[in-house]
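Since the model is a prediction, treat every value here as computed from it, not as a measurement. In the text below, chain A, chain B and the rest are named by the order of the sequence lines, each starting its count at 1.
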Protein chains: 2
Amino acid sequence: MLELFRALSDETRLRIIKLLELGQLCVCDITAALELSQPKVSFHLSILKEAGLIMDRKEGKWVYYSLSAGDLFTRFLIISICEKLPNDADMKRLEDSRKARKC
Amino acid sequence: MLELFRALSDETRLRIIKLLELGQLCVCDITAALELSQPKVSFHLSILKEAGLIMDRKEGKWVYYSLSAGDLFTRFLIISICEKLPNDADMKRLEDSRKARKC
DNA sequence: CTCCTATATCAAAATATATTGATATGATAA
DNA sequence: TTATCATATCAATATATTTTGATATAGGAG
């Protein structure tokens with residue numbers, strides 16, 4: 001429970017969770033959407049993964065991350081975050097990046 | 001929401017919340033129950049208060065803290081914490097301290 | 001094989017948070 | 001008044017977390 005709250009106590013990580021509400025995304029999509037450096041994004045993804053909030057799947061060069069099922073409490077937290085967090089700017093950048101076929 | 005998770009991402013603060021499930025407690029009760037220094041306890045109480053999780057009430061020399069009502073999401077978090085967190089040792093020390101009438 | 005791309009990891013630096021010991025405040029009791 | 005108790009706050013230190021820049025790894029393309 002403490003690890004869960006720790007994982008959620010960072011703005012970047014909440015933004016990642018909100019982005020993943022859309023479905024699986026690769027690291028470069030997330031990096032483009034958040035406008036952050038790739039090592040930074042990888043760092044935060046690793047913390048979310050450790051806490052059991054997200055999972056990854058390798059496919060060729062890419063690693064796709066998505067929200068993991070988790071228990072009822074965890075899912076409730078994720079739903080609440082997604083409901084309350086605005087992320088229009090991130091979404092827009094994600095769309096732009098995908099149109100540009102950057103990865 | 002971020003402030004809420006930040007406030008909850010510390011073991012001492014979760015222990016305080018769990019103790020306050022019992023009802024209002026003064027700082028010296030909490031200090032005795034957790035076996036921590038008074039400034040440390042005051043520090044963590046101030047963070048919980050800032051986040052809207054607890055409230056305080058002055059009465060003479062004492063300051064009593066209790067869980068604050070908050071919104072539905074906040075209350076759900078508090079209930080979940082209290083349900084999942086064991087704190088037998090803290091409770092025992094609280095009882096002992098009260099029997100000894102230390103404050 | 002060589003080059004490029006996507007991602008992870010590492011060490012160092014930067015920043016944030018927590019702890020300690022000392023002191024301040026304010027209420028009460030003697 | 002003076003002493004004492006409960007609590008808060010502060011400055012200094014200690015500790016934890018995050019960020020950065022560099023490098024490693026591994027897959028695919030040419």
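The same ILVMFWY cluster, assembled from side-chain heavy atoms under 4.5 Å apart, contains both A/Phe73 and A/Leu8.
Bounding nucleotides for the chain B contact on DNA chain D, 5' to 3', at a heavy-atom distance below 4.0 Å, are D/dC5 to D/dT9.
Contact check on B/Arg93 versus B/Asp96 returns no salt bridge, with no Lys/Arg side-chain nitrogen under 4.0 Å from an Asp/Glu carboxylate oxygen. The pair B/Glu21-B/Lys18 counts as a salt bridge, with a side-chain nitrogen and a carboxylate oxygen less than 4.0 angstrom apart.
Nucleic acid contact for A/Lys102: sugar-phosphate only, since backbone atoms but no base atoms lie under 4.0 Å from a heavy atom of the residue. No contact: A/Tyr64 has no heavy atom under 4.0 Å from any strand. Using a 4.0 Å heavy-atom distance criterion, B/Lys58 is classed as making no nucleic acid contact.
Between A/Trp62 and A/Cys103 there is a side-chain heavy-atom pair separated by less than 4.5 Å. Two residues are said to be in side-chain contact when any heavy atoms from C-beta on lie closer than 4.5 Å; A/Phe5 and B/Arg6 fail this criterion.
Toward the 5' end of DNA chain D, the nearer of the two residues B/Val27 and A/Ile47, judged by each one's closest nucleotide, is B/Val27. Between A/Arg13 and B/Cys103, the residue anchored closer to the 5' end of DNA chain D is B/Cys103, taking for each the nucleotide with the nearest heavy atom.
Expressed to the nearest 0.5 Å, how far CG of A/Asp56 lies from OG of A/Ser66 amounts to 8.5 Å. With rounding to the nearest 0.5 Å, the separation of CG in A/Asp10 from NE2 in A/His44 is 4.5 Å. One finds the CG atom of B/Leu25 at 12.0 Å from the OH atom of B/Tyr65 (value rounded to the nearest 0.5 Å).
In this entry the distance linking CZ of B/Phe43 with C1' of C/dT23 reads 18 Å, nearest Å.
The aromatic rings of B/Phe76 and A/Phe76 sit tilted relative to each other, their planes meeting at an angle between 30° and 60°.
Contacts between residues 31-40 of chain A and DNA chain D, counted as heavy-atom distances below 4.0 Å, involve A/Pro39, A/Lys40.
Looking only at distances, no side-chain donor or acceptor of A/Thr74 sits under 3.5 Å from a matching main-chain atom of A/Gly70. A side-chain donor-acceptor contact under 3.5 Å links A/Arg13 to the backbone of A/Ala7.
Over its full length, the helix from C/dC1-D/dG30 to C/dA30-D/dT1 turns its helical axis through 10°, comparing axes from the five pairs at each end and rounding to 10°.
Between C/dA8, C/dG26, C/dA6, one nucleotide has an atom nearer to the side chain of A/Ser42 than all others, and that is C/dA8.
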